[in-house]
Amino acid sequence: MSKRDRQLHLNLFVAPMGHHEAAWRHPDTNVNQLLDFAYYQRIAVKAEAAKLDSLFFADRLSTSPAMVRSGAAGGLEPLTLLTALSVVTRRIGLIATVSTSFNEPFNLARRFASLDHLSGGRAGWNIITSGTDEEAQNFNLDRIPEHAERYERAREFLDVATKLWDSWEEDALICDQQAGIYADSAKVHEVNHKSRFYSVKGPLNVSRSPQGRPVLVQAGSSRDGRRFAAEFAEAIFTAQQTYEDARLFYRDLKRQAEQFGRSPEHVHILPGICPIIGRTEEEALEKEAKLIELSNPAHSLLMLSKRVGFDLSGYPLDGPFPDLPVEEVRGHVSRTDLIVRLARSENLTLREVLHRLAGGRGHRTIAGTPAQIADLIEHWFTQEAADGFNIMPQVMNGGVR
């Protein structure tokens with residue numbers, strides 16, 4: 001594929017109220033829509049009319065009393081919601097986050113095959129390994145397993161799920177009512193998988209779906225995450241603060257994909273971008289300042305502490321960002337490294353880091369005019385720092401027209 005033939009891909013990352021931590025307090029936000037299907041239907045229909053490639057819903061498998069006091073935590077389970085949205089949309093892709101750490105391959109393979117059937121072949125799976133002890137403690141564990149072990153499990157999990165999706169050949173269904181033959185049993189196969197983490201007999205109890213399997217998406221940027229993405233993912237969600245870092249990441253992933261015998265053109269890299277749009281740059285900056293005013297520093301500090309795996313509550317907000325032993329992080333390794341490098345490169349205080357992260361948790365935030373934001377997108381795309389973008393509106397109402 002030549003550079004001229006490349007096509008920009010845009011995914012809408014739907015956060016119920018918006019990606020800014022204070023979005024739920026914004027005057028344009030109706031907090032009562034958090035569990036209202038009609039609200040998500042309107043977003044999906046608008047995104048499809050705008051010809052976006054896909055919708056994406058993240059997922060977190062824990063919360064706490066402290067988190068829900070000052071933040072709109074919680075929400076609908078992604079696969080359930082996307083199954084409902086498949087009925088009211090026709091073309092847009094439907095990507096759900098599902099963790100390999102706290103699910104079984106058979107159940108997951110069945111749910112995604114069902115979504116792919118119901119949507120006519122539009123299902124996508126964002127493969128994550130989960131990264132916090134709080135999540136592990138909801139699934140009979142005291143602590144999250146080590147980073148490398150989680151990716152070993154994820155690799156075997158995906159292997160089993162793929163075997164299950166392939167356990168029905170494309171022409172296995174006969175559906176001959178007169179002859180009384182529903183399926184050709186020679187084309188439906190047991191998988192008989194038995195290895196370190198999983199023992200699964202198969203076959204899947206859902207026939208082969210329109211795509212055969214969901215589009216595979218991956219969002220880890222650690223060493224293990226990059227390797228996993230280069231080997232398996234068709235789309236990669238990543239957080240990059242600068243064009244230079246994005247271009248380095250882009251080149252590294254494409255190179256690793258080639259080493260696995262894959263065509264780099266089949267691996268689409270989509271950095272997150274968190275826009276605030278105004279008719280003028282000044283108007284956009286005023287909107288951003290308003291969101292900062294609505295932020296709760298204590299809540300922001302709690303969220304950051306959970307993200308990096310260290311309690312930061314004892315550090316002065318207007319003091320320098322503290323040293324973090326990144327090498328000891330068990331959870332979100334790449335995001336912690338990004339946050340530390342951001343703070344060091346710009347000599348930010350802890351409060352300034354909180355402000356920068358509130359709008360996108362480490363993804364690139366930008367407040368500006370439509371032209372300014374389009375220029376950034378075009379530059380990163382044409383200079384091969386991105387194949388598209390994961391669009392993350394900081395406020396959903398008003399951010400999705």
Side-chain angles (χ1 to χ4, degrees), residues 15 17-29 31 58 60 63-73 131-132 134 221 239-242 244-245 271-278 281-329 331-368 376 392-396 399:
M17 303 291 99
H19 284 273
H20 199 283
E21 290 176 6
W24 73 277
R25 299 187 63 198
H26 194 277
D28 288 343
T29 298
V31 184
R60 182 181 173 87
T63 189
S64 69
M67 288 176 67
V68 301
R69 175 173 175 80
S70 301
T132 67
E134 288 86 352
S221 296
Q240 305 295 335
Q241 283 288 320
T242 68
E244 291 76 16
D245 284 347
I273 183 171
C274 310
I276 296 178
I277 304 173
E281 183 177 1
E282 291 73 21
E283 181 183 75
L285 291 171
E286 288 175 6
K287 290 182 178 181
E288 184 176 48
K290 177 63 175 177
L291 281 169
I292 291 174
E293 288 177 13
L294 294 172
S295 298
N296 181 328
H299 177 76
S300 298
L301 194 61
L302 173 66
M303 297 298 291
L304 177 57
S305 295
K306 289 183 178 296
R307 190 162 293 124
V308 301
F310 297 97
D311 183 5
L312 299 170
S313 60
Y315 293 92
L317 288 178
D318 294 311
F321 190 80
D323 291 325
L324 298 179
V326 176
E327 65 280 358
E328 297 179 15
V329 172
H332 301 292
V333 174
S334 61
R335 191 59 54 86
T336 301
D337 180 61
L338 182 151
I339 291 167
V340 170
R341 287 191 293 110
L342 171 66
R344 294 287 172 266
S345 65
E346 299 187 25
N347 197 28
L348 301 177
T349 67
L350 180 53
R351 187 188 301 275
E352 288 170 334
V353 170
L354 295 179
H355 289 167
R356 292 287 290 275
L357 298 180
R361 304 177 303 282
H363 292 276
R364 175 64 182 265
T365 58
I366 179 171
L376 182 149
M392 305 167 60
Q394 295 196 39
V395 178
M396 290 303 295

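Note that the structure is a prediction, hence the values are computed from the model and not measured.
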Participant: Partners of Glu288 by side chain to side chain donor-acceptor pair (under 3.5 Å), sequence neighbours excluded?
Facilitator: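 By the side chain to side chain donor-acceptor pair (under 3.5 Å) rule, Glu288 matches no residue at all.
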Participant: Can you name the residues that form a side-chain contact (heavy atoms from CB on, under 4.5 Å) with Ala66, not counting sequence neighbours?
Facilitator: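 side-chain contact (heavy atoms from CB on, under 4.5 Å) list for Ala66, sorted by chain: Ser64, Leu302.
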Participant: Where do Met396 and Thr29 land on the side chain to side chain contact (heavy atoms under 4.5 Å, CB included) test, with the steps shown first?
Facilitator: CA-CA 8 Å; Met396 290 303 295; Thr29 298; over 6 Å; no
Participant: How long is the span from the NE2 atom in His20 to the CD1 atom in Ile276, to the nearest 0.5 Å?
Facilitator: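 The NE2 atom of His20 sits 6.5 Å away from the CD1 atom of Ile276.
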Participant: For Glu282, which residues count as a salt bridge (Lys or Arg N to Asp or Glu O under 4.0 Å) partner, sequence neighbours excluded?
Facilitator: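 So Glu282 forms no salt bridge (Lys or Arg N to Asp or Glu O under 4.0 Å) with any residue.
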Participant: Under the rule for side chain to side chain donor-acceptor pair (under 3.5 Å), what residues qualify as partners of Asn347, not counting sequence neighbours?
Facilitator: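 Applying side chain to side chain donor-acceptor pair (under 3.5 Å) to Asn347 gives none.
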Participant: What's the separation between atom CD1 in Ile366 and atom CG in Leu376, rounded to the nearest 0.5 Å?
Facilitator: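 Ile366 CD1 to Leu376 CG: 5.0 Å, rounded to 0.5 Å.
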Participant: Any side-chain heavy atom of Phe321 sitting closer than 4.5 Å to one from Leu342?
Facilitator: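 The answer is no, as the side chains (C-beta and beyond) never meet within the 4.5 Å cut-off.
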Participant: Calculate, to the nearest 0.5 Å, the distance between atoms NZ and CG belonging to Lys290 and Asp28 respectively.
Facilitator: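 Reported to 0.5 Å precision, the distance equals 11.0 Å.
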Participant: Taking atom CG of Asp323 and atom OH of Tyr315, what is their separation to the nearest 0.5 Å?
Facilitator: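 These two atoms lie 8.0 Å from each other.
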Participant: Applying side chain to side chain donor-acceptor pair (under 3.5 Å), name anything that partners Ser300, two or more places apart in sequence or on another chain.
Facilitator: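 Once residues adjacent in sequence are excluded, the partners of Ser300 under the side chain to side chain donor-acceptor pair (under 3.5 Å) criterion are Glu21.
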Participant: Tell me every residue that passes salt bridge (Lys or Arg N to Asp or Glu O under 4.0 Å) with Glu352, counting only those two or more places apart in sequence or in another chain.
Facilitator: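 Expected list: none.
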Participant: Taking atom CG of Asn296 and atom CZ of Arg25, what is their separation to the nearest 0.5 Å?
Facilitator: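 CZ of Arg25 is found 7.5 Å from CG of Asn296.
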Participant: Considering residues at least two apart in sequence or located in another chain, which fulfil the side-chain contact (heavy atoms from CB on, under 4.5 Å) criterion with Ser313?
Facilitator: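 Ser313: side-chain contact (heavy atoms from CB on, under 4.5 Å) contacts with Leu301, Asp311.
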Participant: Assess the residue pair Thr132 and Lys306 against the criterion (side chain to side chain contact (heavy atoms under 4.5 Å, CB included)); give the C-alpha distance rounded to whole Å, side-chain angles, the decisive distance to 0.1 Å, and a yes or no.
Facilitator: CA-CA 8 Å; Thr132 67; Lys306 289 183 178 296; 5.8 Å; no
Participant: Any side-chain to backbone donor/acceptor pair from Arg69 onto His299? Under 3.5 Å, distance only.
Facilitator: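 A pair under 3.5 Å: no.
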Participant: With sequence neighbours excluded, give me every side-chain hydrogen bond (donor to acceptor under 3.5 Å, both in side chains) pair touching residues 357-366.
Facilitator: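 Residue pairs with at least one partner in residues 357-366: His19-Arg361.
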Participant: Looking at Ala22, is its backbone amide N or carbonyl O close enough to the side chain of Ser295 to form a donor-acceptor pair, meaning the two atoms are under 3.5 Å apart?
Facilitator: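 Pair absent, no side-chain N/O of Ser295 close to backbone of Ala22.
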Participant: List in chain and number order the residues that pass side-chain contact (heavy atoms from CB on, under 4.5 Å) with Glu286, two or more places apart in sequence or in another chain; answer none if no residue qualifies.
Facilitator: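 side-chain contact (heavy atoms from CB on, under 4.5 Å) list for Glu286, sorted by chain: empty.
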Participant: Rounded to the nearest 0.5 Å, how far does CG of Leu354 lie from CG of Leu348?
Facilitator: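 So the gap between those two atoms works out to 10.5 Å.
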Participant: Suppose we screen for side chain to side chain donor-acceptor pair (under 3.5 Å). Which residues come up paired with Gln394, at least two apart in sequence or across chains?
Facilitator: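 Not a single residue meets the side chain to side chain donor-acceptor pair (under 3.5 Å) criterion with Gln394.
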Participant: Can you name the salt bridge (Lys or Arg N to Asp or Glu O under 4.0 Å) partners of Arg341, sequence neighbours left out?
Facilitator: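 Applying salt bridge (Lys or Arg N to Asp or Glu O under 4.0 Å) to Arg341 gives Asp245, Asp337.
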Participant: Please identify each residue that fulfils side-chain contact (heavy atoms from CB on, under 4.5 Å) with Pro320, with sequence neighbours left out.
Facilitator: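 side-chain contact (heavy atoms from CB on, under 4.5 Å) list for Pro320, sorted by chain: empty.
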